[in-house]
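Notes for the one structure printed next.
Both counts, for ligands and for their atoms, begin at 1 and track the order of listing. Since the model is a prediction, treat every value here as computed from it, not as a measurement.
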Amino acid sequence: MRRRLCVHIQKDYSLTQFEDLGLGDNLLKAIKTEGYDSPTPIQARTIPAMIEGRDIVGIAQTGTGKTAAFVLPILQKIDAKHVRPAQNSCKALIMAPTRELAAQIADSIRAYGQFMHVTVAVIVGGVKPKPQIRAMARGVDIIVATPGRLEDHIANDVIRIDQCTQVVLDEADQMMDLGFMPAIRRLMGKLPAARQTILLSATMPRQIRALASDFLDDPVEVRVAPQSRPIELIAQKIYLVDQGQKRRLLMKILDGQDMNRAIVFTRTKHGANKVVQVLEKEGFTAAAIHGNKSQNQRQKTLNAFRAGDLNILIATDIAARGIDIDDVSHVINFELPNVAESYVHRIGRTARAGKSGIAISLCDTTEQAYLRDIEKLISQSLTKEKVSVEGDELVFTPNAQLNPNAARPPGPKRNPRRHSRSGSRSGGRSNTPARSGQKARRKISRGRR
Ligand code: AMP
């Protein structure tokens, strides 16, 4: 059974049932098997509009039930008139930014389509193209693809999308951030004019609006409050810390008794590898997922994390996007994201399925401008504490303030000159010291409430 989602159903849709949305019996049966009681707001609005044939612009992030919102109507159409797809062709195309998200969407298709006949191909990079070519030879109902590999196959004449009448661009803002926009525009140009197009995005920057207006026809706009679910259930902590102390602080947090399963975010692949190395040296078991890992490695790591064999996952934003794993007790921002929206995506990895979670952000002086952007985005001033590691001891100074003059780092690289080590510890509160030289096996005891 798939995990269930706790969302705040909007008032006007609270009485909507899946039976009211126009879905066929095979899908209703699958929904029941999945254990879903009622549609989420995005499902309640999107499903009937899609069945009517409308284009949709959906402003929603992962965790809102957006996948079922577009997958169910696509399956409905396939189930209603089952015509075999033409060779190398597909009836519906779903584009996603990452391989993991594509695999996850394909899993959802198989789950929701379990009582009907539907064929799916996952067309992503990082794996051998041959099996994908073989899978496409007879044609499939639905392709779930990342844009790069899809374009390669189209160029080699092994995939055709000129008969594809339903198209979904999932996490369009993320695809744009990854530089897929030119590829998406080229691909959209190869689709038939008579089609239904769905665009989903957590944010709506100008380029995404332009994409929607260029390729969608009078779309219905569905907006789901992006932060309401995670932010309410997540305890957000900001630790202002010297950059040189971040690693030791991270280890202390990971040693905490309330730590069950953590995702640690870094900004770069190199940074992710470095954190794994440092943690492993200290006896932790950790693994990283990022763009330089092969698809098989990434999937293996995710499976181990999901199964509970690995409880510390180090990830870059891209690799973790859209990953749906429950029971993540902690999200730790080892490095703050330089794009504020990523903060919301990152911390949304915890507090899933109605559970509460803890998000801890380690912010050094070079990252204070990023933190200000985040606070602006979420319209919330976050409580900050200055934390320093003295020997094996953590010293907390509550109610710390950001430096009002902290400037944004000039580029993706940090400016070492700005890396102040003021180390003001005045007013700090001392914890019970642990023995030095050993990994501290204790909760960060903070000596206060
Ligand atoms: P998504 O936003 O598509 O990533 O979905 C997030 C999670 O919500 C997934 O684990 C889905 O299985 C679950 N989910 C989707 N629709 C419902 C629903 N109507 N009721 C309960 N859980 C749902």
Sidechain N-carboxylate O distance under 4.0 Å for E367, R267: yes

Donor-acceptor pair between T366 and D364 side chains, under 3.5 angstrom: yes

For T67, atoms of ligand 1 separated by under 4.0 Å from a heavy atom: 1 (P), 3 (O), 4 (O)

Atom indices of ligand 1, in the order listed, that fall short of 4.0 Å to a heavy atom of T64: 2 (O)

Flag for N260-S329: side-chain donor and acceptor within less than 3.5 Å: no

Structural part of Q43 in contact with ligand 1, heavy atom criterion under 4.0 angstrom: side chain

F396 ring center within less than 6.0 Å of Y239 ring center: yes

Atom indices of ligand 1, in the order listed, that fall short of 4.0 Å to a heavy atom of S38: 18 (C), 19 (N), 20 (N)

Part of F18 within contact of ligand 1 (heavy atoms, under 4.0 Å): side chain

Ligand 1 N/O within reach of P39 N/O, cut-off under 3.5 Å: no

N-O pairing of D55 and R195 below 4.0 Å: no

